[in-house]
2 protein chains.
Amino acid sequence: MRPEDIAAMRGLPLFRDVAETPFADLVRAGFLQRFPPGVVLINESDPADFLHVVVEGLVEMFASGGGRDTTISIVRPVGVFILAAVLNDQVYLQSARTLEKSQVLMIPAESVRTALVADAAFTRAVITELARDYRSTIKEVKNQKLRSAAERLANWLLREDDAQGGTGRIALGFEKRTLSSLLGMTPENLSRAFAALKAYGVATEGQWVHITSRGTLQHFAKPNPLIDGPE
Amino acid sequence: MRPEDIAAMRGLPLFRDVAETPFADLVRAGFLQRFPPGVVLINESDPADFLHVVVEGLVEMFASGGGRDTTISIVRPVGVFILAAVLNDQVYLQSARTLEKSQVLMIPAESVRTALVADAAFTRAVITELARDYRSTIKEVKNQKLRSAAERLANWLLREDDAQGGTGRIALGFEKRTLSSLLGMTPENLSRAFAALKAYGVATEGQWVHITSRGTLQHFAKPNPLIDGPE
DNA sequence: CTTGCGGCTTGATAAATGTCAATCGTTCAA
DNA sequence: TTGAACGATTGACATTTATCAAGCCGCAAG
C-alpha cells in the first residue's frame, strides 16, 4: 500500500483511534485493489474472507431471491461493507459490484478479528459502526413498509439533495434502474413516480434531477427523522 | 432482583461471560418489571434510557409513520431489544408494547455503557448480538423486497413450525392482525393469503395453523437460507 | 454521419394489494 | 343465558404496482 493510501485508511472512523501496532498489522495484511465498473466483488453465500472499504468509486450491495434481484444499498467512499459477516465469521448475505471504476481496500477477516481483541479503540469503533448499520437498516424496513413508491422517491431526493449541498440540483451518479431497485420498484414504476412528482417541482434531465421548490416536495414527502434522519 | 432472576440473567448469551464485578454492577442497577398485556414500554423518538430484556411473555416492536403502523419484530424470552440505541446514546427508532403479561428486565443505559468498557467479554457479546441483529434485519429487507405476501406467509409458517418443533402444528401466540402487520400486509390480505395456501396444505383453526404437507408448502415457499436461515 | 445498442419512457393491460362495508363467530361480562 | 364487543373473514371495488410491448433518445463504434 502506498503511504497516501495508508493515510486515507487512518482517516476512517473505524481506524482513526487504533494504536500503532495493531494498525500496522492491519496495513500489512490489507491490500488496495482497483476495479473497473461492473465487477462483482463478493457473492452472497460465500464465506466472509475480507472486510472491504470503498476508498474511491461506487459499490452496489444487492441480493437475489426467487429469480429477482434487489439493490440493498449504495456504498460511497469512505464506506465499509460486510463488517457483520466478517466479525462473526459467517457467509455474506449480500453481493457487491462496482458501479464505477473503484478502489477497494481489502483486509483479511482474520486480521480484523485479531485487531478486535488487540485494540480497545478498534472494538469501540466497530460497535459504533455496527449500531449505525443496524439502525439504518431498520430505517430502510420502515421506509419500505410504511411508504408508497412515490413517497420513497420523494424522500430519497430530499436526502440526496441534502447530501449534495442542498442546491436543488442532484446528480444521480448511477443508472435509474439501479435507483428503482434501491427504492424497491420497477424501472417503469420509477419513471411514473418521477412523472407524478413533476406536480411537486421535480424535473428530470438525464442523470440530473432538479428540485424547483423544496417546500412543495417536502410537503408531499413528509420526511420523518426516524426514517430519513442522519446519524 | 430475586436470586432466580439474577440466575436467568446470567444465562443470557449477552451476560454469560461477564466477570463478577461488572455483572454485579449491572444487577444492582437493573430491575425486573412486570407488565400486563398491551402496555407500551418505550416510544420511538424517546431517548434510550434502558436496555430491555424480555424475561417472560411477549413484546411487539413496532413503528409509525404517515398515519400507519407496522410491526417490525416480535421479541420472545430471552431476547434483548434496543441495544443499538442504548450503545450510541440515541433515540429509539421503534416502540415496544407487551402482547401478553410480561416480565422485562430494565438496565440503565449508563450502566450498560460502563460495563462495556469494563468487561471485554461483555464487549464481545455485544458485538455478536449487534451483528446478529443487523443480519436478521437485512434478511427482513430481502424478505420484503423479494417476495409476495403469500410467499412471506408461507416462509414464516415454515420457520415457525421449525421453531415449535416441526410437528406441523403451529400456535400463533398473538392476533392475526399482528401477524399481518409483521408480514407487511393488511389483515384482509392475510386472510386471503391463508386461503391461497389451503391449496398447499395449510389449514387455519383459530389461533392454530396446521401444515399437512410440509413438502408441498416448501415447494411453494422456496425458502432461502440467506433469508430464512437461523444463526 | 449513420447505425445500432442500451437505457428510459409511455401505453395498455394484468396482477397484487389495499379499502370499505357487511357478516360471522367467539368471548366475556351483565 | 344473552347480547355487546371485537377480531376474523368475505365480497365488491379502488388503487398501486408489475408486466409486456412499443417507441424514443442519446451515445458510441464504425
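Chain letters run A, B, ... following the sequence lines, proteins first, then strands; residues in each count from 1.
Between the CG atom of B/L146 and the C1' atom of D/dA18 there is a distance of 15 Å, rounded to whole Å. The CD-C1' distance, from A/E151 to D/dT16, rounds to 12 Å in whole Å. D/dA8 atom C1' lies 12 Å from atom CG of B/L172, rounded to whole Å. A/E175 has its CD atom 13 Å from the P atom of D/dC27, to the nearest Å. Atom CG in B/L183 sits about 13 Å away from atom P in D/dA8, given to the nearest Å. If you take CD of A/Q144 and C1' of D/dT16, they are 14 Å apart, rounded to a whole angstrom.
Among residues two or more places apart in sequence or in another chain, the side-chain hydrogen bond (donor to acceptor under 3.5 Å, both in side chains) test is passed with A/D69 by A/S64. Residues passing the salt bridge (charged side-chain N to carboxylate O under 4.0 Å, His left out) test with A/R76, sequence neighbours excluded: A/E160. Qualifying side-chain hydrogen bond (donor to acceptor under 3.5 Å, both in side chains) partners for A/Q90, counting only residues two or more places apart in sequence or in other chains: B/R135, B/E231.
Listed by first and then second residue, the ring-ring contact (aromatic ring centres under 6.0 Å, His included) pairs that reach into residues 38-86 of chain B are B/F31-B/F50, B/H52-B/F81, sequence neighbours excluded.
From the 5' end on, the contacts that DNA chain C makes with chain B at under 4.0 Å to a non-hydrogen atom open and close at C/dT17 to C/dC20.
One distance of note links CZ of B/R152 with OG of B/S180; it measures 10.5 Å at 0.5 Å rounding. Of the inter-residue distances, the one linking B/L105 atom CG with B/M9 atom CE reads 5.5 Å to the nearest 0.5 angstrom.
Counting only distance, with no hydrogens or angles, the side chain of B/R159 and the backbone of B/D228 share no donor-acceptor pair below 3.5 Å.
Only B/T186, B/E188, B/N189, B/R192, listed by number, bring a heavy atom of residues 186-200 of chain B to less than 4.0 angstrom from any atom of DNA chain C.
Applying side-chain contact (heavy atoms from CB on, under 4.5 Å) to B/V55 and the options B/L12, B/V104, B/L32, B/V78 leaves one that passes, B/L32.
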